[in-house]
Amino acid sequence: MQTMQSCYAKRFRQLHRTCLRSLQSQPLDNELQRRLDRNPKKVEKPSPITEAEIVKWNMAITEKMRNGHCDSALSLFETMSHRTSVSWNAMISGYLSNGRFDLARQFFDRMPERDLVSWNVMISGCVRNRNLSGARILFDKMPKRDTVSWNTMLSGYTQNGYIDEAREIFDKMPNKNSISWNGILAGYVQNGRIEAACQLFESKSDWEVVSWNCLMGGYVRRKRLIDARRLFDIMPERDEVSWNTIISGYAQNGELLEAQKLFEDSPIRDVFTWTAMVSGYVQNGMLTEARRFFDEMPEKNSVSWNAMIAGYSQCKRMDLARELFEAMPCRNISSWNTMITGYAQSSEIDRAWSLFNEMPRHDSISWAAIIAGYAQNGCSEEALRLFIEMKRDGERMNRSTFTCALSTCADIAALDLGKQVHGRLVKAGYEMGCYVGNALLSMYCKCGSIDEAYTVFEGMTQKDVVTWNTMITGYARHGFGKEALKVFESMRLTSINPDDVTMVGVLSACSHTGLVNKGTEYFYSMDKDFGIMAKAQHYTCMIDLLGRAGRLEDAQVLMRNMPFEPDAATWGALLGASRIHGNTKLGEEAAERIFEMEPDNSGMYVLLSNLYAASGRWSDVGNMRLLMRDKGVRKVPGYSWIEVQNKVHTFSVGDSMHPEKDRIYAFLEELDMWMKREGYISSTKMVLHDVEEEEKEHMLKYHSEKLAVAFGILTIPSGRPIRVIKNLRVCEDCHNAIKYISKIVGRLIILRDSNRFHHFDGGSCSCGDYW
DNA sequence: CTAGGGTTAG
């Protein structure tokens, strides 16, 4: 067991390294070095500068930095003839608060004599950048440490979820002040260990009001309003934060009457109090009330405006949001971001984009919002292009943009790009926690690289239920049912409980592998073993499982007895089973029900016409086509794509646009000859087995997936798998043909269709011709 | 340069 673990850890590191290598090294910032090395401007009469003057200069630098004018601060700094460590520190902390960690670090490394504050500033910069190991190195290296140094390390650990390390720091530190005590308390609170926080809180009595508020805030965040209120009532002194915390607690949780009562009782009503009320009403969808409070507010800041704008935008009232946005006296970056998010989520991506271009400055949230906007509106390529632009803009990727990038790569199955993102992730020094790790795992699964997915999975030191589910479902969708079940069995040995998603994965794994008895066993023991009630999805899995195994009768009985109304997916499972087993009558009935529920589902017409074709009812095949035309069912054009050397090549049926088309077509002709020699017979009569529209054999040969596969064989070096993605289900003839092709050329071909993965190898497919 | 409350992404 132990050696297995370290073996995977090693493979995980190797994967990291290969991803890192695929990145180009970043150019060094030589320009800055030149500017710093340049001699300070010679003053005609070198008059001795007074201490008061130095202080004035330093304050000016701090002021410039506070207003975000890094360049003016730098010119001031350069012009100074006497720089004290305070000047250097002002530059460093200025850069840090303006998000320029790299420049801050360069100043820190170059400053002649670092004082205690310089070290502390730099450590806090690392912490704010979530670079804990960097912070720790500095902390261990610094010649002298004061309480601030210890506290910075402490809060660094707690804010990033390392509560054990934080506790170690806390226990070791020689002098503790009230900030240290509050630090460890906040650590427990922020990491969800509210009981531990409570215990600590009871172990001493001289807590400051800040800590009372902190614990109360913890209860509020966990919606434990009664506990929060108990603290509020007994705390020895209350400040405005105490009042605002309890008020916003009630407001956020829908208890607006109580919130309003406290609002009136409160001795101080500041901007926070008013905004809490507005946002409370907003979050409960009570926009009129929110607006009344908003209008009555004696003073508003940008956050108050933003809360109201967010309210309108969450209700898709972008007209009203826009009105406020235009009217507000000073917008901050959040206002812009709120508007962009609103437009993106109302499918008005063009408006989001023009605001994005209008806004004065972008932060990581603006980028995440616009990128997610494009990705969610189906423009994955555009989203990925923006990532590159984001880097050019100097915005560093954070956990959010990384996960967003990974899921976008997963959507279009861009494995090479995904690996580059993986490389950047490693380079940026992110620890493989669940948040990032799950996205990475899912990317490898959806990009068809199931082995690398498993490497990531084994390498992850922290796994949550999502991690396990992703791996199980990943294996199931790739047709590796046994592996999926193995993962599930090892999950049962951990303390993490399976949930309903896990069981959908497990059941579909059984179904794809034909493990009828095992699946049935899991299905009926779900409730007893894990306390999971079967949902409609689980019944659909079971109907699929029984149907595929040819037990169509049992499948129908189960469907009749299920406590839900069958939906299109359930009938779809039955239709699929009927197709495999050639039960036309049952198939027709299922199809009819589906057409009633989802008249536009073109995939189902295809499935039904396949069924007719399989039983030789050719006139019905023709009728289906007419029916589709009459009902105006919009055919989704089928296309496939493949990534070669970082570029995505897209093919549609009979494609004649690709620059390499002559080579591809010639190669397909040659392949065809070989395939026929091996015994392949094309099934040209199955006219509608795909929504791609063609009838003749020579056209069928050029289905988009065949074109993409042929292109892949021609361009991807041998030994590497060919990964092709198709937006619809793969058609039967292509599936058959690709099996032959995999044997003839001796290559592994991995095809992702709209439903699942097919691994073609040596003439057979991992789906066992069941899909 | 290290604590607690209101807005924006995933």
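Values in this document were obtained by computation on a predicted structure and should not be read as measured data. By convention in this document, chain letters (A, B, ...) are assigned in the order of the sequence lines, proteins followed by strands, and residues within each chain are numbered from 1.
Out of dC1(B), dA3(B), dT7(B), the shortest distance to the side chain of A307(A) is found at dT7(B). Taking the side chain of N213(A) as heavy atoms from C-beta on, and the options dG4(B), dC1(B), dG5(B), the nearest nucleotide is dG4(B). In this structure, of dC1(B), dT7(B), dT8(B), it is dC1(B) that holds the atom nearest to the side chain of V117(A). For V303(A), counting side-chain heavy atoms from C-beta on, the closest listed nucleotide (dG6(B), dA3(B), dT8(B)) is dG6(B). For F272(A), whose side chain is taken as the heavy atoms from C-beta onward, the closest listed nucleotide among dG4(B), dT7(B), dG5(B) is dG5(B). Considering only side-chain atoms of A372(A), the nucleotide from dG4(B), dA9(B), dT2(B) that sits closest is dA9(B). The side chain of S248(A) lies closest to dG6(B), out of dA3(B), dT7(B), dG6(B). The listed nucleotides are dG5(B), dT7(B), dC1(B); the one nearest the side chain of T245(A) is dG5(B). In this structure, the nucleotide among dA3(B), dC1(B), dA9(B) sitting nearest to the side chain of A369(A) is dA9(B).
Residue Q345(A) places at least one side-chain N or O under 4.0 Å from the OP1 or OP2 atom of dG10(B). Contact check, Q190(A) against dA3(B): no side-chain N or O comes under 4.0 Å of OP1 or OP2. Distances shorter than 4.0 Å separate none of the side-chain N or O atoms of Q252(A) from OP1 or OP2 on dG6(B). Regarding contacts with the backbone of dG6(B), every side-chain N or O of S279(A) stays at 4.0 angstrom or more from both OP1 and OP2. Contact annotation: Q314(A) side-chain N/O to dT8(B) OP1/OP2 distance is under 4.0 Å.
Looking at heavy-atom distances under 4.0 Å, R221(A) makes contact with sugar-phosphate atoms alone, never a base. In this structure, N301(A) reaches the bases: a heavy-atom distance under 4.0 Å links it to at least one base atom across the strands shown. Nucleic acid contact for S118(A): none, since no nucleic acid atom lies under 4.0 Å from a heavy atom of the residue. Residue contacts for A276(A): at a heavy-atom cut-off of 4.0 Å it reaches no nucleic acid atom on any strand shown. Here N177(A) lies out of heavy-atom contact (under 4.0 Å) with every strand. Residue-level contact check: S334(A) touches the bases, meaning some heavy atom is under 4.0 Å from a base atom. Within 4.0 Å of T152(A), counting heavy atoms only, lie sugar-phosphate atoms of the nucleic acid but no base atom. Residue-level contact check: V271(A) touches the bases, meaning some heavy atom is under 4.0 Å from a base atom. Looking at heavy-atom distances under 4.0 Å, V121(A) makes contact with sugar-phosphate atoms alone, never a base.
Between Y343(A) and W353(A), the distance from one ring center to the other does not fall under 6.0 angstrom.
To the nearest angstrom, C1' of dG6(B) lies 15 Å from CE of M308(A). Rounded to whole Å, the distance from CG on L324(A) to P on dT8(B) is 15 Å. Rounded to whole Å, atom P of dG6(B) lies 18 Å from atom CZ of F293(A). Look at CG on L154(A): it is 19 Å from P on dC1(B), rounded to the nearest Å. N337(A) places its CG atom 11 Å from the P atom of dG10(B), with the value rounded to the nearest Å. Atom CD1 of I268(A) is separated from atom C1' of dG6(B) by 15 Å (rounded to the nearest Å). In this structure, I246(A) atom CD1 and dG4(B) atom P are separated by 18 Å, rounded to whole Å. Look at CD on E208(A): it is 14 Å from P on dA3(B), rounded to the nearest Å.
Taking the centre and axis of the six-membered ring of W181(A), the NZ or CZ atom of K204(A) falls inside the cone set by 45° and 6.0 Å.
Among residue pairs with one or both ends in residues 117-141 of chain A, those qualifying as ring-ring contact (aromatic ring centres under 6.0 Å, His included) are F108(A)-W119(A), F139(A)-W150(A); sequence neighbours excluded.
Side-chain N/O atoms of T245(A) and S242(A) include no donor and acceptor closer than 3.5 Å.
W88(A) and F77(A) have perpendicular rings, their planes meeting at more than 60° on a 0 to 90° scale where under 30° would count as parallel. Classification of the F293(A)-Y281(A) ring pair by plane angle, with boundaries at 30° and 60°, yields tilted.
For D239(A) and dG4(B), a side-chain-to-base donor-acceptor distance below 3.5 Å is present, hydrogens and geometry of angles not being considered.
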List the steps and the verdict of side chain to side chain contact (heavy atoms under 4.5 Å, CB included) for N213(A) and M216(A). CA-CA 5 Å; N213(A) 292 341; M216(A) 181 167 65; 4.0 Å; yes

